[in-house]
J.: 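Input: one structure, supplied below.
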Number of protein chains: 2
Amino acid sequence: MSQAEFYPNESPQFAASVAQLKGQKVAVCGHLRPDGDCIGSIVAVVRVLKTLGIDAIGINRDEVPATLKAFVGDTPLILASDFQPEGHVAVTVDCADKKRIGDRLIELFPEVALNVDHHISNKAYAQQNLIIATASATAEILAGFYMDLGYEIDAITAQALYVGIATDTGQFRFPSTTAATFEIARRLCEYGAQPSVAAHELYECETFAKIKLLQNFLNSLTMEFDNRVCVGLIERGVYDETGATIDDSEGLVDYARSIAGVDIGVMIEDRDGALKGSLRAKNPFYRVDQVAKLFNGGGHACAAGLNVDNSSIKEFYPQLMEALGKHLEALGQPE
Amino acid sequence: MSQAEFYPNESPQFAASVAQLKGQKVAVCGHLRPDGDCIGSIVAVVRVLKTLGIDAIGINRDEVPATLKAFVGDTPLILASDFQPEGHVAVTVDCADKKRIGDRLIELFPEVALNVDHHISNKAYAQQNLIIATASATAEILAGFYMDLGYEIDAITAQALYVGIATDTGQFRFPSTTAATFEIARRLCEYGAQPSVAAHELYECETFAKIKLLQNFLNSLTMEFDNRVCVGLIERGVYDETGATIDDSEGLVDYARSIAGVDIGVMIEDRDGALKGSLRAKNPFYRVDQVAKLFNGGGHACAAGLNVDNSSIKEFYPQLMEALGKHLEALGQPE
């Protein structure tokens with residue numbers, strides 16, 4: 001074992017947890033609506049456990065999104081609905097709350113053996129919880145463990161970990177991007193990660209329908225509160241009209257937030273009467289999670305979601321603006 | 001001096017060139033329509049020369065784009081039209097061809113003392129030419145020189161170099177992104193570069209006009225050649241109509257290229273009868289530079305530009321499609 005360079009405290013704990021998994025069947029579970037960090041982390045844990053002689057399989061409630069399928073390779077990864085437990089022990093990755101693995105897996109696994117995550121809000125619901133909130137991604141934590149412990153990192157594992165980091169940092173743009181993030185990215189390249197190949201799969205395989213959805217969304221952008229809030233809409237029927245899927249709305253709200261002077265970007269979707277809202281602030285001062293809480297939602301200071309059933313954009317829009325207006329007025333301006 | 005780790009051959013040559021500049025006034029010139037690598041490299045060279053006791057000033061034909069102004073800091077950087085030469089010696093950065101510095105500077109500087117660049121097409125027009133085509137950005141080369149030579153890198157220099165690399169790699173997405181790129185990014189963070197602060201300036205200060213231009217462009221997208229080519233237009237009058245500037249068209253063609261199955265993305269702009277075309281291929285197999293050459297243009301295998309005067313999109317579109325069709329037919333499919 002090489003010296004623990006990245007996580008001198010946690011890497012030995014990870015090794016101890018892995019040692020306890022020996023001889024058991026392991027189910028590596030990610031969260032519903034999986035993203036790059038979730039899929040990358042599942043792939044990386046399953047593969048490394050297998051190199052250590054442990055019988056492991058990845059499980060997710062939802063399908064691997066189209067842009068991430070290429071990174072699974074020959075890793076066993078199945079839907080929760082297809083999973084037949086045979087005394088499996090559960091490991092979770094990138095799941096701040098056990099609820100995030102979905103109802104069927106919660107039922108199958110009353111206990112979770114190991115929980116590896118980078119969300120500061122993680123509820124430490126497992127027997128062993130390795131939560132490192134300074135890491136940009138769960139994949140960054142896993143990569144650090146593997147490098148500290150001298151575990152075998154093959155090219156598919158390296159690419160999966162790289163994808164987790166690249167997507168969860170918004171391509172090295174979010175404040176979580178540190179010197180350590182780049183150091184791990186560098187080493188993953190040496191283990192076989194290919195940044196431009198990853199980028200091709202992630203960003204150059206868009207559907208024309210998604211582009212039409214984006215065009216429709218941009219066309220809807222409206223400024224509120226002296227241009228401090230920018231709101232974009234996906235009206236009822238737009239998914240059908242454009243042929244886009246619900247996954248295609250991922251990231252649209254960032255266009256609303258990207259405008260100079262805008263403090264909060266908003267997206268409101270009407271999914272046949274079930275409204276979903278996304279709120280994104282540039283500055284954690286704005287606490288958009290508090291606004292989301294008023295509408296059956298929550299999240300982080302800079303990124304939150306809300307849910308309103310049996311409504312319409314016409315009805316909900318003024319309600320949300322009233323709540324945002326009160327919130328902005330109560331807060332004033334950041335220093 | 002630390003051991004030359006990045007560029008053992010070129011770093012000593014750079015040091016020798018810098019030694020020859022001592023006691024002279026130096027004009028550090030970038031290219032017209034400057035991008036992040038151009039501005040970052042100018043800033044980094046001017047600042048380092050000054051720390052070495054050399055009187056240096058940055059000069060550019062065109063204004064620093066709005067999204068890059070924050071990275072100049074207190075670095076002296078002026079327009080070519082405001083420059084009063086006093087026996088200055090010229091250094092160029094990121095300029096593959098001397099023509100790229102613009103007419104006034106070409107006239108003022110019959111000779112260029114030093115030419116640092118990463119374009120493989122660089123014409124080696126200076127007394128000393130340091131061309132490293134494997135580097136992702138001119139800023140990556142300069143950062144490597146500075147680290148090899150132990151030059152002083154202050155926080156503004158580190159951030160400027162980081163911006164050059166981040167923008168010229170498309171945020172670490174292009175094939176030029178290597179393990180060395182990440183290693184240099186890591187060290188720049190340690191010298192004070194702040195990736196998320198850079199990203200905020202680069203990507204979260206868009207104008208509403210630019211968003212409207214994007215929306216207009218997306219609305220124009222058309223598929224050609226069985227969806228292998230996607231073409232977007234900026235029709236005459238659209239800049240006025242949206243309030244966007246010519247700089248705002250930067251990057252639009254990438255949306256055309258981003259669609260699954262598309263091999264070549266195309267943008268055609270009508271600037272009051274002067275047409276500009278941008279061609280972007282996913283695979284260097286396609287040699288879009290050869291197509292661009294037919295229309296008074298050129299560039300790289302994957303990224304080229306063309307220029308047609310006194311025409312209209314209506315007239316030019318079928319001409320370009322004919323040329324692309326012949327090119328695709330002659331090439332066949334990549335292996």
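Order of the sequence lines sets the chain letters (A, B, ...), proteins ahead of strands, with each chain counted from 1.
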J.: What's the separation between atom CD in A:Gln194 and atom OG1 in B:Thr178, rounded to the nearest 0.5 Å?
T.: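 OG1 of B:Thr178 is found 12.5 Å from CD of A:Gln194.
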J.: Using 30° and 60° as the class limits, which term best fits the ring planes of B:Phe172 and A:Phe172: parallel, tilted or perpendicular?
T.: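 Perpendicular: the ring planes of B:Phe172 and A:Phe172 meet at over 60°.
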J.: Using a 4.5 Å cut-off on heavy atoms from C-beta on, say whether the side chain of B:Ser258 contacts that of A:Ile211.
T.: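 A side-chain contact under 4.5 Å exists here.
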J.: Side chain to side chain donor-acceptor pair (under 3.5 Å) with B:Gln159: which residues, sequence neighbours excluded?
T.: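 Not a single residue meets the side chain to side chain donor-acceptor pair (under 3.5 Å) criterion with B:Gln159.
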J.: How long is the gap from OG1 on A:Thr222 to CZ on B:Phe208, to the nearest 0.5 Å?
T.: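 Here the rounded value is 7.0 Å.
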J.: Atom CD1 of residue position B:Ile120 - does it have more than 12 heavy atoms of other residues, nucleotides or ligands inside 6.0 Å?
T.: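 Check fails, neighbour count at 12 or below.
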J.: Tell me, out of B:Ala199, B:Ala193, B:Gly170, who's got the most heavy-atom pairs with chain A below 4.5 Å.
T.: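 So the answer, after comparing B:Ala199, B:Ala193, B:Gly170, is B:Ala199.
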J.: Heavy-atom pairs under 4.5 Å with chain A: which of B:Asn219, B:Thr177, B:Val197 has the most?
T.: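 Of B:Asn219, B:Thr177, B:Val197, B:Asn219 has the most heavy-atom pairs under 4.5 Å with chain A.
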J.: Need one label for B:Tyr191: side chain, backbone, both or neither, based on atoms under 4.5 Å from any heavy atom in chain A.
T.: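 Contact with chain A is absent: no heavy atom of B:Tyr191 under 4.5 Å.
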J.: Against chain A, work out which of B:Ala166, B:Cys205, B:Cys189 has the most heavy-atom pairs shorter than 4.5 Å and name it.
T.: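 That would be B:Cys205.
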J.: Do you know which of A:Ile259, A:Val262, A:Leu218 has the most heavy-atom pairs under 4.5 Å to chain B?
T.: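 Among A:Ile259, A:Val262, A:Leu218, the one with the most close pairs to chain B is A:Ile259.
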J.: Name the residue from B:Lys282, B:Arg280, B:Arg257 that meets the salt bridge (charged side-chain N to carboxylate O under 4.0 Å, His left out) definition with A:Glu204.
T.: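 Of the listed options, the one satisfying the test is B:Arg257.
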J.: Heavy-atom distances under 4.5 Å only: say whether B:Phe174 touches chain A with side chain, backbone, both or neither.
T.: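 The backbone, not the side chain.
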J.: In terms of heavy-atom pairs under 4.5 Å with chain B, which of A:Leu214, A:Thr207, A:Asp254 leads?
T.: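 The candidate making the most pairs under 4.5 Å is A:Leu214.
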J.: Which atoms of B:Leu221 are under 4.5 Å from chain A, going by heavy atoms: the side chain, the backbone, both sets, or neither?
T.: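 When you check distances to chain A, atoms from both the backbone and side chain of B:Leu221 fall under 4.5 Å.
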J.: Within a reach of under 6.0 Å around CD of A:Glu250, are more than 12 heavy atoms found that belong to other residues, nucleotides or ligands?
T.: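 No.
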